[in-house]
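Here the structure comes first, spelled out in structure tokens, and everything after it is commentary.
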Amino acid sequence: MNSLGSTGRASVESAPGEVAAAGSPPPTAFLEVRDLRVHFPTDDGLVKSVDGLSFRLEKGRTLGIVGESGSGKSVTSLGIMGLHTAGQYGRRKAQISGEVWLDGRELLAADPDEVRRLRGREMAMIFQDPLSALHPYYTIGRQIVEAYRVHHDTDKKSARKRAIELLDRVGIPQPDQRVDSYPHEFSGGMRQRAMIAMALVNNPELLIADEPTTALDVTVQAQILDLIRDLQKEFGSAVIVITHDLGVVAELADDILVMYGGRCVERGPAEQIFYEPQHPYTWGLLGSMPRIDRDQTERLIPVKGSPPSLINLPEGCAFHPRCPYADVPKGHVTRTVRPELQQVVSGHFSACHLPQEQRTRIWTEEIAPRL
Amino acid sequence: MLAYVIRRLFAVAMMLMVVTLTTFVIFFVLPKWAGSDPAYLFAGKQTDPAAIEGIRQKLGLSDPVLVQFWNFLQGLVAGREYTNGADVTKCPAPCFGYSFRTEQEVWPQLTEAIPVTLSLAAGACVLWVVGGVAAGVVSALRRGTLWDRAAMTVALAGVSLPIYFTGLIALAVFSYQLDWISGEYAPVEEDPAQWFQTLLLPWITLALLYAAMYARLTRATMLEIMGEDYIRTARAKGLKERVVIGRHAMRSTWTPVLTLLGLDLGALLGGAVLTESTYSLPGLGRLAIDSIEGKDLPLILGVTLIAALFICVANLVVDLLYAVVDPRVRIG
Ligand SMILES: Nc1ncnc2c1ncn2[C@@H]1O[C@H](COP(=O)(O)OP(=O)(O)O)[C@@H](O)[C@H]1O
Ligand code: SF4
Ligand SMILES: [Mg+2]
């Protein structure tokens, strides 16, 4: 549809008006999330972890979802995978609305068993901490074999061959021996490689990596990111990389979506987000990003204040209590009216009351020189 | 793994040595220090001085303690003869002693009682582990429902009520009122139906005491495990919920259950004693009580040793199971 042809970009280019509203006909994009809301009823109130998120993603492209801890990134990914509804024994049910279209199928309203069959086969996930995400009592091989055999009617022997093949592909030395190791016998980096092997065993078309490097040390982080990038090229799948650190997606993502308080505040092509960001929160994220090309001792500029309560999100712009420019827009609209996503340039959207010229001026004159 | 097993076997052997020595000291040495004559104690109710002197000679109670202990150990392994001149009492291996009071070897009495207690313990154990774990799992998966609350209330009652209470009530209702249980205990190889019938209530009584604890433990463990990351991973693979629970969650639930089982098997004999005497089962527990009442010291000694062996072996089995269940234990 829309700007897909004109920019060659396939993902986050549409404004609220452009990503079709819920209820419209199926999209042409490979993955399209429309107005996703995931709310958790708790004793303290309704936690609106994700509140109206829309984006799209094509195969062969990588989307980075960035935001502070608690901004709803993991809840978003679990929502796409249909993991909020599975196994909620005795707990209060999450309230989920919106649409998730994967390859022409809508998942939120679909039969849970149908979604289960897609999990691990068409969409797979890599989690933050591979030690806790792998079963401690089963060998790596057995866990990969299991992942393969859920979706393939093969005997254990050929599944094991497939597991070894993938362990080899993700760079685990002596895979035919390590396949029989337990997770605790692997190093952190090796565990994450094994996790990636497990996720890729069925050639998924959508791969979601939720903070894939957060639990790893810096040198290993870079290796894992390289691996994900290589595999992405090789397998041609659509990839979502979730992180709280813009640096992680700097070289990986084609497009970036910045989340704040369960909503998207800015999204666009990666180079736009890095070089012409149009939202004060994104500026803050850029300021708190460790950069290798700078002196390590140089002070980072963190975003001041703490993340908002998802039960009582601040009125108006949710970022206003922490925003240094909250009082710049005339008439205090910032505190009463919530800014909608507006297109800045083609495919680049921002939700901020500041006039665009003013944002551009602040960025080029005040922020960029300090980074 | 093999080294681990050998190390554990060695530890069990050492443990049994210590228990044997302790029991020996209690029965053969302490009485002397306390100023009483072990020969009198071993004679039981006999008071004829000549008979007591005979026992002293036969047991070699005038020998140095170490010689006596050595003879005792030798008897266990190779059998021994109690001699007093021409009066010879044979006690073939394994000689756990000889009751001069009842003029019986100890070992045959033990071998008759051991299968009873093993039947009781093993049956109850299977019952409470299966029942407790199943109830715990269902409670966890139906958390907050009526079933959950009912099961946990019963579990609380089960933990709190002593055997002689539940046992007597069960006995009163099922045996005296409903007349379900009749007749004497029969060994399984002789009359399986009778064996089963006489053991059913004791099994339930004994199992009830433990099942409750296992249900609570399983429920708590299960609830914790269902929140683990690797359960989420299992779902993300596309596994059916039945497999997620039955394979991934259950696998982790067994570990704490086994740990508790290791502790309980050791203490199980205590519960078995009460159950056996409540239901008049001719097992080790009743043998222990009878021997204490009759002041039959050699028999007490024998029962004590068998009890120690029972505990050691039970713990060994559980440790080995534990190593099988938790791969992280094997290296240690
Ligand atoms: N099952 C749940 N019940 C209640 N609140 C939840 C649940 N899952 C997540 N949340 C809340 O949703 C918010 C967003 O969580 P998450 O998506 O994990 O953040 P992050 O961006 O760090 O991944 C957090 O405040 C978290 O406490
Ligand atoms: S709308 Fe106002 S408070 Fe929100 S980011 Fe823009 S300037 Fe800051
Ligand atoms: Mg997260």
Side-chain angles (χ1 to χ4, degrees), chain A residues 74 77-78 80-92 112-139 142-152 180-185 195 198-199 201-202 204 208 210 215, chain B residues 1 136-149 151-152 218-258 321-332:
Chain A
S74 297
S77 57
L78 297 177
I80 295 171
M81 296 282 292
L83 287 173
H84 287 303
T85 40
Q88 295 297 336
Y89 303 103
R91 259 178 263 153
R92 283 188 260 180
D113 203 53
E114 194 183 313
V115 180
R116 175 188 67 73
R117 275 192 288 263
L118 295 178
R119 274 204 291 277
R121 184 163 54 101
E122 290 212 9
M123 48 182 182
M125 217 173 147
I126 303 167
F127 297 99
Q128 173 169 344
D129 180 1
L131 183 58
S132 61
L134 289 165
H135 201 299
Y137 299 157
Y138 292 132
T139 61
R142 186 169 168 179
Q143 297 187 52
I144 300 178
V145 163
E146 184 184 45
Y148 190 60
R149 292 188 73 210
V150 201
H151 302 293
H152 290 87
D180 293 319
S181 301
Y182 288 91
H184 71 268
E185 296 168 331
M195 190 82 214
M198 188 161 91
V201 75
N202 295 310
I208 305 179
D210 188 356
Chain B
M1 188 71 178
V137 168
V138 176
S139 278
L141 300 186
R142 305 239 180 294
R143 176 165 61 159
T145 61
L146 198 62
W147 156 274
D148 179 26
R149 270 175 239 149
M152 286 306 115
T218 304
R219 179 181 184 274
T221 310
M222 195 78 184
L223 284 178
E224 192 187 313
I225 288 168
M226 292 311 280
E228 291 283 349
D229 286 358
Y230 57 80
I231 295 300
R232 191 183 53 194
T233 307
R235 292 204 183 100
K237 284 178 182 181
L239 293 175
K240 290 201 177 88
E241 194 61 20
R242 187 165 45 76
V243 180
V244 172
I245 291 164
R247 197 183 290 163
H248 289 246
M250 279 317 290
R251 184 65 172 77
S252 310
T253 308
W254 284 118
T255 314
V257 168
L258 272 182
L321 274 179
Y322 201 77
V324 170
V325 164
D326 189 343
R328 291 172 299 191
V329 170
R330 259 169 238 172
I331 328 158

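Chain identifiers are assigned alphabetically (A, B, ...) following the order of the sequence lines, protein sequences preceding nucleic acid strands; residue numbering begins at 1 within each chain. Not measured: the values here are computed from a predicted model.
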Which atoms of [X] are under 4.5 Å from chain B, going by heavy atoms: the side chain, the backbone, both sets, or neither?
X	answer
A/Leu78	side chain
A/Gln128	neither
A/Ala133	both
A/Pro204	neither
A/Arg116	both

Problem set entry | Which portion of B/Val243 sits near chain A, non-hydrogen atoms under 4.5 angstrom |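 B/Val243 touches chain A through side-chain heavy atoms alone.
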
Exercise. Which atoms of B/Ile245 come close to chain A, meaning under 4.5 Å heavy atom to heavy atom: side chain ones, backbone ones, both, or neither?
Worked result: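 Contact with chain A involves the side chain of B/Ile245 alone.
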
Exercise. Using 30° and 60° as the class limits, which term best fits the ring planes of A/Tyr148 and A/His152: parallel, tilted or perpendicular?
Worked result: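 Plane angle under 30°, so parallel.
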
For this session: Scan side-chain atoms only and decide if B/His248 and A/Glu146 contain a donor-acceptor pair under the 3.5 Å cut-off.
Result: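 Looking only at side-chain atoms, A/Glu146 and B/His248 do form a donor-acceptor pair, the distance falling under 3.5 Å.
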
Exercise. Salt bridge between A/Arg117 and A/Glu122, side-chain N to carboxylate O under 4.0 Å?
Worked result: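 Not counted as a salt bridge, because no side-chain N and carboxylate O are separated by less than 4.0 Å.
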
Exercise. Can you tell which of A/Met198, A/Met125, A/Gln143, A/His135 has the highest number of heavy-atom pairs within less than 4.5 Å of chain B?
Worked result: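 Counting heavy-atom pairs under 4.5 Å, the top option is A/His135.
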
For this session: Mind checking salt bridge (charged side-chain N to carboxylate O under 4.0 Å, His left out) for B/Arg232 and listing every partner two or more places apart, or none if nothing turns up?
Result: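 With neighbours one apart ignored, the set is B/Asp229.
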
For this session: Mind checking the CD-OG spacing from B/Glu224 to B/Ser252? Nearest 0.5 Å is all I need.
Result: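 With rounding to 0.5 Å, CD (B/Glu224) is 10.0 Å from OG (B/Ser252).
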
Problem set entry | Partner set under side chain to side chain contact (heavy atoms under 4.5 Å, CB included) for B/Pro256, not counting sequence neighbours |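 Residues passing side chain to side chain contact (heavy atoms under 4.5 Å, CB included) with B/Pro256: B/Leu217, B/Thr221.
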
